[in-house]
Amino acid sequence: MSLHGSPTSAELIESVREWLERDVMAATEGRLRFHARVAANVLATVERELAMGAEQEEEHKARLATLGMDDDAQLAAAIRNGDLDDRLDEVRDVVRADVAARLAVANPKYVS
Amino acid sequence: MAVAALDTEFANTLSTSLGGAEISGLTRLSGGASRETSRFVADGRPLVVQRQRAGDVRDMMIEARVVAAAGEAGVPVPNLLAAEQNDDGSCFMVVEAIDGETIARKIQRDDEYAEARAVIPAQLGTALAAVHRIEPVTGLESVDQIEHYTTVMDELVESGAGGPQPMLELVRRWLIDHRPPPVDPVVVHGDFRLGNLIVDRNGLSAVIDWELAHLGDPMEDLGWLCVKAWRFGQPPPVGGLGEYEQLFEAYEAAAGVRVDPDVVRWWEVMGTWKWAVMCSLQASVHLTGSVRSHELAAIGRRVCESEHDLFLALEGRW
């Protein structure tokens, strides 16, 4: 058990998201209801990142390493400068996997 | 000064600008960091006023000139009634209020717009042909979109409000390598899509929000209209309402030029890339503190939706 114990941060966020979805959205309309929905979606994103983010980060670093890159800043600069022009197929595969990981956290329904 | 007093002062300004008309019912419709839109009534006539605070990079007086020129070119636009700039640089413009709907989801789904939906894709082609016949007005500039949004991207990284974006770099390279041949620049609307179009049960009634108008390739407007974000979740490419052919045929008939679908597709990719940058830019408005908003913050995490769309759009075309 961590220092802060139970409930975990994920469980706290979940409880607020459920309140937004169950009580706030039911009791509001128009712009306020829309903003409550946006807030619930934001919390759902954070929940998914807490659940998957650490593992995704490891995988991301491993993919970058296959291109000899430490981080996205290096990769972005290398693409712009043409340093990876002879490996663009590989670069696209790495980037495609990164985009899929981001989408899985930000909006998993988007792909369907 | 209290809001009510400010409103009274502004109502007096409007009255003076409109020849002493009696002003009532000033009601704010929407507002951002530098602009806000309000409805009001002048001598019984419903009007809309847009105000721009001092210091905005865009010049509302240019926009007002474009709106007037658009009307003369036969584009359906609200009549421009007044446009003034104050000594401090703030501006306002007054146009007639047009009845109708701008919300994409309603236009796409409500029964009321069933007949409109059938004709809108072709009407948009005809309207765009008229847009591209607008006589260029003083102050309108030609903007290299790749250069401009590359600068925006770099500034976001430098300010710390946006991260480096390898996917957007890849697409930037593709855009540069596949750029269509240059054409004689015309007036383009710059943000021609559902949301900036007023629609009634008969179809398109007015084209609004001309603040991004500039000189450029006319195909930019056709491509932007077909960007996936502006389909609002519906499958058809033209605003989620119609097929490319409907748009192209109407445009060709009205403009007397042939549309090259590959050029429109390039602008569609360009638009999707630009929208991704704009999503980061919107989040930065929150992150830098000029407007605190969880809605703006959330838009920052939508960049990956555009990245996904870009992979789809470029499948087999890299």
Side-chain angles (χ1 to χ4, degrees), chain A residues 16 20 30-46 48-49 53 56 60 63-64 67 69-85 87-112, chain B residues 28-31 103 105 146 150 153-154 156-158 160 162-177 228-229 231 233 235 272 276-277 279-280 282-283 286 292-318:
Chain A
V16 179
L20 284 167
R31 263 199 100 56
L32 194 55
R33 185 168 199 271
F34 170 72
H35 280 138
R37 186 201 307 278
V38 173
N41 289 342
V42 165
L43 296 186
T45 294
V46 177
R48 286 188 292 268
E49 187 169 329
Q56 285 185 335
H60 169 59
R63 281 192 294 268
L64 284 174
L67 296 170
M69 299 288 145
D70 292 332
D71 55 30
D72 271 348
Q74 265 189 16
L75 178 57
I79 294 168
R80 186 175 300 187
N81 300 335
D83 298 344
L84 288 166
D85 278 6
R87 300 178 69 185
L88 283 180
D89 284 346
E90 287 171 77
V91 173
R92 279 193 287 272
D93 287 343
V94 165
V95 172
R96 187 182 280 114
D98 284 352
V99 170
R102 277 198 285 280
L103 208 49
V105 162
N107 188 359
K109 287 186 204 147
Y110 192 75
V111 184
S112 58
Chain B
R28 205 173 87 126
L29 297 175
S30 63
I103 298 171
R105 288 185 174 274
I146 298 177
T150 299
M153 223 161 65
D154 291 349
L156 283 168
V157 173
E158 276 162 31
Q165 315 239 33
M167 177 56 181
L168 300 188
E169 293 293 341
L170 270 177
V171 177
R172 181 179 169 276
R173 288 290 302 277
W174 184 89
L175 289 167
I176 291 169
D177 293 345
K228 192 148 157 263
R231 302 176 196 172
T272 309
V277 178
C279 285
S280 290
Q282 292 201 49
H286 164 82
R292 296 294 288 174
S293 154
H294 73 297
E295 185 185 3
L296 288 174
I299 290 172
R301 287 290 187 104
R302 292 189 59 187
V303 173
C304 60
E305 295 178 9
S306 294
E307 292 179 322
H308 176 78
D309 294 344
L310 286 165
F311 268 115
L312 290 182
L314 289 170
E315 197 67 57
R317 303 169 66 207
W318 292 99

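To find a chain, count down the sequence lines: A is the first, B the second, and so on, and within it residues start at 1.
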Partner of A/Ile79 under side-chain contact (heavy atoms from CB on, under 4.5 Å), chosen from B/Arg172, B/Met167, B/Gln165, B/Arg173
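Exactly one candidate clears the test, B/Arg173.
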If you define the side chain from C-beta out and look only at heavy atoms, does anything of A/Val105 sit under 4.5 Å from A/Thr45?
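Yes. Closest side-chain heavy atoms under 4.5 Å.
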Side chain proximity check, A/Asp98 to A/Asp72, heavy atoms < 4.5 angstrom:
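In short, these two side chains touch, coming nearer than 4.5 Å.
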Heavy-atom pairs under 4.5 Å with chain A, option from B/Glu307, B/Glu295, B/Glu305 with the top count
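Looking at each of B/Glu307, B/Glu295, B/Glu305 in turn, B/Glu305 comes out on top.
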Chain A interface, residue from B/Pro164, B/Pro166, B/Ala298 that has the most non-hydrogen pairs under 4.5 Å:
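Going by pairs under 4.5 Å, I would pick B/Pro166.
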With a 4.5 angstrom heavy-atom cut-off, could you sort out which part of [X] is near chain B: side chain, backbone, both or neither?
X	result
A/Val94	neither
A/Leu88	side chain
A/Val38	both
A/Asn107	side chain
A/Asp85	side chain

Chi angles and distances behind the salt bridge (charged side-chain N to carboxylate O under 4.0 Å, His left out) call for B/Asp309, B/Arg231
CA-CA 12 Å; B/Asp309 294 344; B/Arg231 302 176 196 172; over 6 Å; no
Checking B/Trp318 side chain against A/Asp89 main chain: does a donor-acceptor pair fall under 3.5 Å?
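Side chain of B/Trp318 to backbone of A/Asp89: no pair is present.
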CZ of A/Arg92: more than 12 outside heavy atoms within 6.0 angstrom?
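Buried by this count: over 12 neighbours within 6.0 Å.
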